[in-house]
J.: 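Okay, handing you the structure first.
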Protein chains: 2
Amino acid sequence: MITLYGMSNSGNCYKLQLLMANLGRDYAWEEIDVLRGENLSPEFLAMNDRGKVPVMKLDDGRTMSESNAILHYLAEGSELLPADPWARAKTLQWMFFEQYSHEPYIAVARFIRKFLPADHPRRASLDALTASGNEALAAMERHLTRLPWFGGERYTIADIALFAYTHIADDGGFDLGGYPHVERWLKRVQAQPGFVPMREADRTD
Amino acid sequence: MITLYGMSNSGNCYKLQLLMANLGRDYAWEEIDVLRGENLSPEFLAMNDRGKVPVMKLDDGRTMSESNAILHYLAEGSELLPADPWARAKTLQWMFFEQYSHEPYIAVARFIRKFLPADHPRRASLDALTASGNEALAAMERHLTRLPWFGGERYTIADIALFAYTHIADDGGFDLGGYPHVERWLKRVQAQPGFVPMREADRTD
(Lines give C-alpha, C1' and ligand atoms only; values in the text may rest on other atoms or scores of the structure.)
Protein backbone atom coordinates (compact mmCIF):
# COMPACT_ATOMS: atom_id res chain seq x y z
CA MET A 1 0.00 0.00 0.00
CA ILE A 2 1.18 3.53 -0.73
CA THR A 3 2.25 5.56 2.29
CA LEU A 4 1.82 9.33 2.30
CA TYR A 5 3.75 11.46 4.79
CA GLY A 6 2.45 14.92 5.51
CA MET A 7 0.99 17.50 7.85
CA SER A 8 -2.81 17.55 7.61
CA ASN A 9 -3.15 21.32 7.94
CA SER A 10 -0.78 21.92 5.02
CA GLY A 11 -2.66 22.53 1.79
CA ASN A 12 0.08 20.84 -0.21
CA CYS A 13 -0.43 17.67 1.85
CA TYR A 14 -4.24 17.89 1.79
CA LYS A 15 -4.10 17.77 -2.03
CA LEU A 16 -3.04 14.13 -1.80
CA GLN A 17 -5.75 13.23 0.72
CA LEU A 18 -8.38 14.81 -1.52
CA LEU A 19 -7.17 13.02 -4.66
CA MET A 20 -7.09 9.61 -2.96
CA ALA A 21 -10.60 10.21 -1.58
CA ASN A 22 -11.86 11.23 -5.05
CA LEU A 23 -10.30 8.06 -6.47
CA GLY A 24 -11.65 5.90 -3.63
CA ARG A 25 -8.19 4.47 -3.02
CA ASP A 26 -6.77 3.27 0.30
CA TYR A 27 -3.43 4.51 1.60
CA ALA A 28 -1.48 4.75 4.81
CA TRP A 29 -1.07 8.24 6.30
CA GLU A 30 1.87 9.21 8.50
CA GLU A 31 1.44 12.57 10.19
CA ILE A 32 4.62 14.67 10.17
CA ASP A 33 4.46 17.76 12.36
CA VAL A 34 6.73 20.26 10.67
CA LEU A 35 6.18 22.85 13.40
CA ARG A 36 7.73 20.34 15.83
CA GLY A 37 10.58 19.53 13.42
CA GLU A 38 9.50 15.95 12.70
CA ASN A 39 10.49 16.56 9.08
CA LEU A 40 14.12 16.85 10.16
CA SER A 41 14.42 13.36 11.68
CA PRO A 42 17.03 11.07 10.11
CA GLU A 43 14.23 8.77 8.93
CA PHE A 44 12.41 11.57 7.14
CA LEU A 45 15.55 13.12 5.66
CA ALA A 46 16.43 9.70 4.24
CA MET A 47 13.22 9.95 2.19
CA ASN A 48 13.58 13.64 1.28
CA ASP A 49 16.90 15.29 2.02
CA ARG A 50 15.28 18.74 1.79
CA GLY A 51 12.91 17.95 4.69
CA LYS A 52 9.79 18.99 2.78
CA VAL A 53 6.31 17.50 3.10
CA PRO A 54 4.48 15.77 1.50
CA VAL A 55 6.41 12.64 0.57
CA MET A 56 5.00 9.51 -1.07
CA LYS A 57 6.59 6.09 -0.47
CA LEU A 58 5.81 3.00 -2.54
CA ASP A 59 5.96 -0.54 -1.17
CA ASP A 60 9.34 -1.08 -2.81
CA GLY A 61 10.78 1.90 -0.94
CA ARG A 62 10.89 4.41 -3.80
CA THR A 63 10.01 7.93 -2.69
CA MET A 64 8.73 11.06 -4.41
CA SER A 65 8.37 14.68 -3.30
CA GLU A 66 6.62 17.78 -4.73
CA SER A 67 2.87 17.62 -4.16
CA ASN A 68 1.91 18.24 -7.78
CA ALA A 69 4.27 15.56 -9.12
CA ILE A 70 2.76 13.11 -6.63
CA LEU A 71 -0.75 14.10 -7.77
CA HIS A 72 0.31 13.39 -11.35
CA TYR A 73 1.69 9.95 -10.47
CA LEU A 74 -1.34 8.92 -8.41
CA ALA A 75 -3.89 10.14 -10.99
CA GLU A 76 -2.22 8.47 -13.97
CA GLY A 77 -4.75 6.27 -15.77
CA SER A 78 -7.75 7.87 -14.06
CA GLU A 79 -10.19 10.46 -15.39
CA LEU A 80 -8.59 13.06 -13.15
CA LEU A 81 -5.53 13.26 -15.43
CA PRO A 82 -6.49 13.65 -19.10
CA ALA A 83 -4.82 11.27 -21.57
CA ASP A 84 -5.03 13.75 -24.45
CA PRO A 85 -1.64 15.54 -24.71
CA TRP A 86 -3.12 19.05 -25.02
CA ALA A 87 -5.55 18.63 -22.13
CA ARG A 88 -2.79 17.03 -20.03
CA ALA A 89 -0.42 19.93 -20.66
CA LYS A 90 -3.16 22.49 -19.93
CA THR A 91 -3.72 20.69 -16.63
CA LEU A 92 -0.01 21.03 -15.91
CA GLN A 93 -0.08 24.70 -16.98
CA TRP A 94 -2.42 25.46 -14.06
CA MET A 95 -0.43 23.27 -11.69
CA PHE A 96 2.74 25.23 -12.49
CA PHE A 97 0.72 28.44 -12.10
CA GLU A 98 -0.35 27.18 -8.68
CA GLN A 99 3.20 26.56 -7.49
CA TYR A 100 4.73 29.71 -9.01
CA SER A 101 2.02 32.40 -8.87
CA HIS A 102 -0.53 31.27 -6.26
CA GLU A 103 0.91 29.19 -3.41
CA PRO A 104 3.89 31.50 -2.70
CA TYR A 105 1.44 34.32 -1.95
CA ILE A 106 -1.84 32.81 -0.75
CA ALA A 107 -0.36 29.94 1.28
CA VAL A 108 2.47 32.07 2.66
CA ALA A 109 0.07 34.86 3.73
CA ARG A 110 -1.96 32.19 5.55
CA PHE A 111 1.16 30.79 7.21
CA ILE A 112 2.23 34.21 8.47
CA ARG A 113 -1.23 35.16 9.76
CA LYS A 114 -2.14 31.78 11.23
CA PHE A 115 1.06 30.25 12.53
CA LEU A 116 3.46 33.11 13.35
CA PRO A 117 3.22 35.46 16.37
CA ALA A 118 1.35 38.74 15.83
CA ASP A 119 4.58 40.75 16.17
CA HIS A 120 6.65 38.61 13.77
CA PRO A 121 8.75 40.68 11.32
CA ARG A 122 7.47 38.64 8.36
CA ARG A 123 4.14 40.48 8.77
CA ALA A 124 5.84 43.35 6.92
CA SER A 125 5.55 41.29 3.73
CA LEU A 126 1.75 40.85 3.98
CA ASP A 127 0.85 43.83 1.77
CA ALA A 128 2.96 42.54 -1.11
CA LEU A 129 1.68 38.97 -0.62
CA THR A 130 -1.91 40.24 -0.63
CA ALA A 131 -1.42 42.14 -3.90
CA SER A 132 0.18 39.17 -5.68
CA GLY A 133 -2.33 36.71 -4.24
CA ASN A 134 -5.18 38.82 -5.56
CA GLU A 135 -3.55 38.83 -9.01
CA ALA A 136 -3.63 35.02 -8.89
CA LEU A 137 -7.28 34.96 -7.81
CA ALA A 138 -8.16 37.42 -10.60
CA ALA A 139 -6.47 35.17 -13.18
CA MET A 140 -8.51 32.22 -11.87
CA GLU A 141 -11.70 34.29 -12.02
CA ARG A 142 -11.06 35.26 -15.65
CA HIS A 143 -10.41 31.62 -16.61
CA LEU A 144 -13.58 30.44 -14.90
CA THR A 145 -15.71 32.86 -16.94
CA ARG A 146 -14.73 30.76 -19.99
CA LEU A 147 -14.43 27.19 -18.73
CA PRO A 148 -15.90 25.29 -15.78
CA TRP A 149 -12.64 23.62 -14.68
CA PHE A 150 -8.95 24.48 -14.85
CA GLY A 151 -8.11 21.53 -17.09
CA GLY A 152 -11.03 22.42 -19.40
CA GLU A 153 -14.38 20.66 -19.47
CA ARG A 154 -13.72 18.19 -16.64
CA TYR A 155 -12.55 18.07 -13.05
CA THR A 156 -8.82 17.22 -12.92
CA ILE A 157 -5.83 17.33 -10.59
CA ALA A 158 -5.38 20.99 -11.60
CA ASP A 159 -8.60 21.73 -9.69
CA ILE A 160 -7.36 19.72 -6.71
CA ALA A 161 -4.03 21.58 -6.71
CA LEU A 162 -5.73 24.99 -6.84
CA PHE A 163 -8.53 24.10 -4.41
CA ALA A 164 -6.10 23.28 -1.60
CA TYR A 165 -5.09 26.83 -0.71
CA THR A 166 -7.91 28.75 -2.45
CA HIS A 167 -10.63 27.34 -0.22
CA ILE A 168 -8.77 28.55 2.89
CA ALA A 169 -7.60 31.84 1.36
CA ASP A 170 -9.58 33.69 4.03
CA ASP A 171 -6.97 32.47 6.54
CA GLY A 172 -4.51 34.63 4.62
CA GLY A 173 -6.79 37.66 4.68
CA PHE A 174 -8.21 37.25 1.17
CA ASP A 175 -11.86 38.05 0.48
CA LEU A 176 -13.28 35.64 -2.10
CA GLY A 177 -16.48 37.68 -2.30
CA GLY A 178 -14.90 39.60 -5.16
CA TYR A 179 -14.42 36.39 -7.15
CA PRO A 180 -17.89 34.88 -7.69
CA HIS A 181 -16.78 32.36 -10.33
CA VAL A 182 -14.08 31.13 -7.97
CA GLU A 183 -16.64 30.76 -5.18
CA ARG A 184 -18.95 28.70 -7.41
CA TRP A 185 -16.01 26.56 -8.58
CA LEU A 186 -15.10 25.83 -4.94
CA LYS A 187 -18.64 24.50 -4.45
CA ARG A 188 -18.35 22.33 -7.56
CA VAL A 189 -15.12 20.81 -6.22
CA GLN A 190 -16.83 20.15 -2.87
CA ALA A 191 -19.63 18.34 -4.74
CA GLN A 192 -17.28 15.86 -6.44
CA PRO A 193 -17.65 12.17 -5.52
CA GLY A 194 -15.58 11.23 -2.49
CA PHE A 195 -14.82 14.82 -1.47
CA VAL A 196 -13.22 15.11 1.98
CA PRO A 197 -12.63 18.38 3.84
CA MET A 198 -9.20 19.46 5.02
CA ARG A 199 -8.44 18.29 8.53
CA GLU A 200 -7.29 21.09 10.79
CA ALA A 201 -6.99 20.47 14.50
CA ASP A 202 -7.31 24.16 15.26
CA ARG A 203 -10.07 24.92 12.78
CA THR A 204 -13.68 24.75 13.92
CA ASP A 205 -15.70 25.55 10.80
CA MET B 1 4.04 25.46 -37.68
CA ILE B 2 4.20 26.13 -33.94
CA THR B 3 4.94 29.73 -32.96
CA LEU B 4 6.81 30.49 -29.76
CA TYR B 5 6.67 33.98 -28.27
CA GLY B 6 9.38 34.95 -25.83
CA MET B 7 12.36 37.05 -24.85
CA SER B 8 15.61 35.35 -25.79
CA ASN B 9 17.52 36.44 -22.69
CA SER B 10 14.85 34.95 -20.40
CA GLY B 11 15.83 31.49 -19.18
CA ASN B 12 12.18 30.39 -19.15
CA CYS B 13 11.96 31.25 -22.87
CA TYR B 14 15.35 29.71 -23.71
CA LYS B 15 14.11 26.37 -22.35
CA LEU B 16 11.79 26.10 -25.36
CA GLN B 17 14.50 27.03 -27.87
CA LEU B 18 16.80 24.39 -26.37
CA LEU B 19 14.15 21.66 -26.44
CA MET B 20 13.19 22.36 -30.07
CA ALA B 21 16.89 22.33 -31.04
CA ASN B 22 17.41 19.01 -29.20
CA LEU B 23 14.39 17.59 -31.04
CA GLY B 24 15.52 19.03 -34.38
CA ARG B 25 12.11 20.61 -34.90
CA ASP B 26 11.33 23.80 -36.79
CA TYR B 27 9.27 26.59 -35.27
CA ALA B 28 8.57 30.28 -35.68
CA TRP B 29 10.01 32.60 -33.03
CA GLU B 30 8.47 35.95 -32.17
CA GLU B 31 10.67 38.10 -29.97
CA ILE B 32 8.71 39.87 -27.20
CA ASP B 33 10.73 42.51 -25.33
CA VAL B 34 9.25 42.53 -21.84
CA LEU B 35 11.54 45.35 -20.75
CA ARG B 36 9.88 47.51 -23.43
CA GLY B 37 6.37 46.32 -22.44
CA GLU B 38 5.70 44.37 -25.64
CA ASN B 39 4.04 41.71 -23.47
CA LEU B 40 1.31 44.19 -22.60
CA SER B 41 0.07 44.79 -26.17
CA PRO B 42 -3.58 43.88 -26.87
CA GLU B 43 -2.38 41.14 -29.25
CA PHE B 44 -0.18 39.53 -26.61
CA LEU B 45 -2.72 39.86 -23.80
CA ALA B 46 -5.26 38.11 -26.05
CA MET B 47 -2.93 35.08 -25.96
CA ASN B 48 -2.02 35.33 -22.26
CA ASP B 49 -4.06 37.70 -20.15
CA ARG B 50 -1.32 37.72 -17.48
CA GLY B 51 1.24 39.13 -19.93
CA LYS B 52 3.84 36.47 -19.17
CA VAL B 53 6.37 34.98 -21.58
CA PRO B 54 6.82 32.42 -23.01
CA VAL B 55 3.63 31.59 -24.90
CA MET B 56 3.14 28.81 -27.45
CA LYS B 57 0.57 29.14 -30.24
CA LEU B 58 -0.58 26.25 -32.43
CA ASP B 59 -1.71 26.64 -36.04
CA ASP B 60 -5.34 26.41 -34.95
CA GLY B 61 -4.89 29.38 -32.59
CA ARG B 62 -4.80 27.49 -29.29
CA THR B 63 -2.31 28.99 -26.83
CA MET B 64 -0.43 27.73 -23.79
CA SER B 65 1.64 29.46 -21.10
CA GLU B 66 3.99 28.26 -18.33
CA SER B 67 7.37 27.23 -19.73
CA ASN B 68 7.42 23.80 -18.10
CA ALA B 69 3.92 22.90 -19.31
CA ILE B 70 4.96 23.88 -22.84
CA LEU B 71 8.09 21.73 -22.52
CA HIS B 72 5.87 18.81 -21.51
CA TYR B 73 3.54 19.30 -24.49
CA LEU B 74 6.37 19.64 -27.01
CA ALA B 75 8.36 16.67 -25.69
CA GLU B 76 5.38 14.27 -25.59
CA GLY B 77 6.21 11.14 -27.58
CA SER B 78 9.95 11.85 -27.65
CA GLU B 79 12.75 10.34 -25.56
CA LEU B 80 13.00 13.61 -23.65
CA LEU B 81 9.77 12.85 -21.75
CA PRO B 82 9.74 9.32 -20.30
CA ALA B 83 6.63 7.22 -21.03
CA ASP B 84 6.99 5.20 -17.81
CA PRO B 85 4.67 6.76 -15.18
CA TRP B 86 7.25 6.76 -12.38
CA ALA B 87 10.03 8.25 -14.52
CA ARG B 88 7.59 10.80 -15.93
CA ALA B 89 6.48 11.90 -12.46
CA LYS B 90 10.10 12.08 -11.24
CA THR B 91 10.82 14.33 -14.22
CA LEU B 92 7.92 16.53 -13.14
CA GLN B 93 9.15 16.46 -9.53
CA TRP B 94 12.32 18.28 -10.58
CA MET B 95 10.37 20.65 -12.86
CA PHE B 96 8.16 21.68 -9.94
CA PHE B 97 11.32 22.01 -7.81
CA GLU B 98 12.72 24.30 -10.51
CA GLN B 99 9.71 26.61 -10.50
CA TYR B 100 9.20 26.67 -6.72
CA SER B 101 12.68 26.37 -5.16
CA HIS B 102 15.18 27.37 -7.86
CA GLU B 103 13.90 29.95 -10.36
CA PRO B 104 12.43 32.35 -7.75
CA TYR B 105 15.91 32.72 -6.23
CA ILE B 106 18.50 32.10 -8.94
CA ALA B 107 16.65 33.79 -11.80
CA VAL B 108 15.42 36.65 -9.64
CA ALA B 109 18.93 37.33 -8.26
CA ARG B 110 20.15 37.47 -11.87
CA PHE B 111 17.34 39.84 -12.84
CA ILE B 112 18.14 42.22 -9.99
CA ARG B 113 21.91 42.21 -10.62
CA LYS B 114 21.78 42.31 -14.41
CA PHE B 115 18.73 44.35 -15.33
CA LEU B 116 18.03 46.77 -12.44
CA PRO B 117 20.04 49.91 -11.56
CA ALA B 118 22.84 49.50 -8.99
CA ASP B 119 20.92 51.57 -6.42
CA HIS B 120 17.57 49.75 -6.83
CA PRO B 121 15.86 48.93 -3.50
CA ARG B 122 15.33 45.30 -4.55
CA ARG B 123 19.08 44.79 -4.03
CA ALA B 124 18.22 44.53 -0.32
CA SER B 125 16.74 41.10 -1.04
CA LEU B 126 19.94 39.69 -2.58
CA ASP B 127 21.30 38.11 0.61
CA ALA B 128 18.11 36.10 1.15
CA LEU B 129 17.93 35.14 -2.54
CA THR B 130 21.57 34.02 -2.44
CA ALA B 131 20.97 31.79 0.60
CA SER B 132 17.88 30.14 -0.90
CA GLY B 133 19.51 29.78 -4.32
CA ASN B 134 22.46 28.01 -2.76
CA GLU B 135 20.06 25.61 -1.02
CA ALA B 136 18.64 24.74 -4.44
CA LEU B 137 22.10 24.23 -5.93
CA ALA B 138 23.07 22.03 -2.96
CA ALA B 139 19.97 19.86 -3.50
CA MET B 140 20.93 19.48 -7.17
CA GLU B 141 24.52 18.59 -6.20
CA ARG B 142 23.31 15.87 -3.80
CA HIS B 143 21.03 14.38 -6.46
CA LEU B 144 23.81 14.33 -9.05
CA THR B 145 26.06 12.30 -6.76
CA ARG B 146 23.52 9.47 -7.18
CA LEU B 147 22.17 9.81 -10.74
CA PRO B 148 23.53 11.38 -13.94
CA TRP B 149 20.33 13.23 -14.90
CA PHE B 150 17.40 14.77 -13.03
CA GLY B 151 14.87 12.39 -14.55
CA GLY B 152 17.13 9.41 -13.73
CA GLU B 153 19.33 7.58 -16.22
CA ARG B 154 18.56 9.74 -19.26
CA TYR B 155 18.49 13.35 -20.38
CA THR B 156 14.93 14.74 -20.13
CA ILE B 157 13.02 18.01 -20.05
CA ALA B 158 13.81 18.19 -16.30
CA ASP B 159 17.44 18.78 -17.28
CA ILE B 160 16.40 21.41 -19.82
CA ALA B 161 14.24 23.20 -17.23
CA LEU B 162 17.05 23.25 -14.66
CA PHE B 163 19.83 24.06 -17.14
CA ALA B 164 18.16 27.32 -18.23
CA TYR B 165 18.96 29.37 -15.14
CA THR B 166 21.68 27.20 -13.59
CA HIS B 167 24.14 27.73 -16.45
CA ILE B 168 23.87 31.51 -16.01
CA ALA B 169 23.74 31.43 -12.20
CA ASP B 170 26.98 33.46 -12.14
CA ASP B 171 24.92 36.41 -13.42
CA GLY B 172 23.08 36.24 -10.09
CA GLY B 173 26.31 36.12 -8.09
CA PHE B 174 26.37 32.36 -7.53
CA ASP B 175 29.69 30.49 -7.60
CA LEU B 176 29.22 27.06 -9.17
CA GLY B 177 32.78 26.11 -8.20
CA GLY B 178 31.36 24.70 -4.98
CA TYR B 179 29.09 22.33 -6.93
CA PRO B 180 31.36 20.11 -9.04
CA HIS B 181 28.66 17.59 -9.96
CA VAL B 182 26.47 20.45 -11.18
CA GLU B 183 29.34 21.81 -13.27
CA ARG B 184 29.91 18.41 -14.91
CA TRP B 185 26.17 18.01 -15.53
CA LEU B 186 26.10 21.42 -17.27
CA LYS B 187 28.80 20.12 -19.63
CA ARG B 188 26.81 16.95 -20.30
CA VAL B 189 23.76 19.04 -21.25
CA GLN B 190 25.92 21.15 -23.56
CA ALA B 191 27.13 17.93 -25.24
CA GLN B 192 23.61 16.77 -26.13
CA PRO B 193 22.72 16.52 -29.85
CA GLY B 194 21.38 19.78 -31.20
CA PHE B 195 22.43 21.88 -28.20
CA VAL B 196 22.13 25.62 -28.77
CA PRO B 197 23.45 28.31 -26.43
CA MET B 198 21.21 30.98 -24.97
CA ARG B 199 21.10 34.09 -27.11
CA GLU B 200 21.88 37.23 -25.17
CA ALA B 201 22.48 40.45 -27.05
CA ASP B 202 24.53 41.86 -24.20
CA ARG B 203 26.46 38.71 -23.37
CA THR B 204 29.82 38.16 -25.03
CA ASP B 205 30.91 34.77 -23.70
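Labels below follow one simple rule: chain letters A, B, ... track the order of the sequence lines, proteins then strands, and each chain is numbered from 1. Because the structure is a prediction, the values reported are computed rather than measured.
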J.: Is there side-chain contact between A/Leu186 and A/Val189, with heavy atoms separated by less than 4.5 Å?
T.: no

J.: Quick check: under 4.5 Å, non-hydrogen atoms only, which of residues 73-100 of chain A neighbour chain B?
T.: A/Tyr73, A/Glu76, A/Pro85, A/Trp86, A/Arg88, A/Ala89, A/Lys90, A/Leu92, A/Gln93, A/Met95, A/Phe96, A/Phe97, A/Gln99, A/Tyr100

J.: Are side-chain heavy atoms of A/Leu116 and A/Arg123 found at a separation under 4.5 Å?
T.: no

J.: Please check if the side chain of A/Glu30 supplies one atom and the backbone of A/Tyr5 the other of a donor-acceptor pair under 3.5 Å.
T.: no

J.: Kindly say whether B/Asp171 contributes a backbone atom to a donor-acceptor pair with the side chain of B/Arg113 at under 3.5 angstrom?
T.: no

J.: Look up atom CD1 in A/Ile168 and atom CZ in A/Phe163, then write down how far apart they are to the nearest 0.5 Å.
T.: 9.0 Å

J.: Judged by atom type as modelled, is there a donor-acceptor pair below 3.5 Å linking the side chain of A/Tyr165 to the main-chain atoms of A/Asn12?
T.: yes

J.: Using a heavy-atom cutoff of under 4.5 Å, enumerate the residues of residues 174-185 of chain A that contact chain B, numbered in order, or state 'none'.
T.: none

J.: Can you tell me which residue pairs pass the ring-ring contact (aromatic ring centres under 6.0 Å, His included) test with a partner in residues 33-65 of chain A, sequence neighbours excluded?
T.: none

J.: What heavy-atom pair brings A/Gly11 and A/Ala164 nearest, and what distance separates the two atoms?
T.: O-CB, 3.3 Å

J.: If only atom types and distance count, is the side chain of B/Asp33 paired as donor or acceptor with the main-chain N or O of B/Glu38 below 3.5 Å?
T.: no

J.: Side chains of B/Arg188 and B/Asp159: does their closest heavy-atom pair fall under 4.5 Å?
T.: no

J.: Tabulate, in ascending numerical order, the residues of residues 130-155 of chain B having at least one heavy atom closer than 4.5 Å to a heavy atom of chain A, or enter 'none'.
T.: B/Ala139, B/Arg142, B/Arg146

J.: Say you draw a straight line from CZ of A/Phe115 to OG of A/Ser10; how long is it, rounded to the nearest 0.5 Å?
T.: 8.5 Å

J.: Go through the atoms of B/Leu58 and report whether side chain, backbone, both or neither lie under 4.5 Å from a heavy atom of chain A.
T.: side chain

J.: Return the CG to CE distance between A/Leu35 and A/Met7, rounded to the nearest 0.5 Å.
T.: 5.0 Å

J.: Among A/His72, A/Glu103, A/Met64, A/Lys52, which residue has the highest count of heavy-atom pairs closer than 4.5 Å to chain B?
T.: A/Met64

J.: For B/Arg199, does its backbone N or O pair with a side-chain atom of B/Asn9 as donor and acceptor, under 3.5 Å?
T.: no

J.: Supply the atom-to-atom distance A/Asp59 CG to A/Thr3 OG1, rounded to the nearest 0.5 angstrom.
T.: 7.0 Å

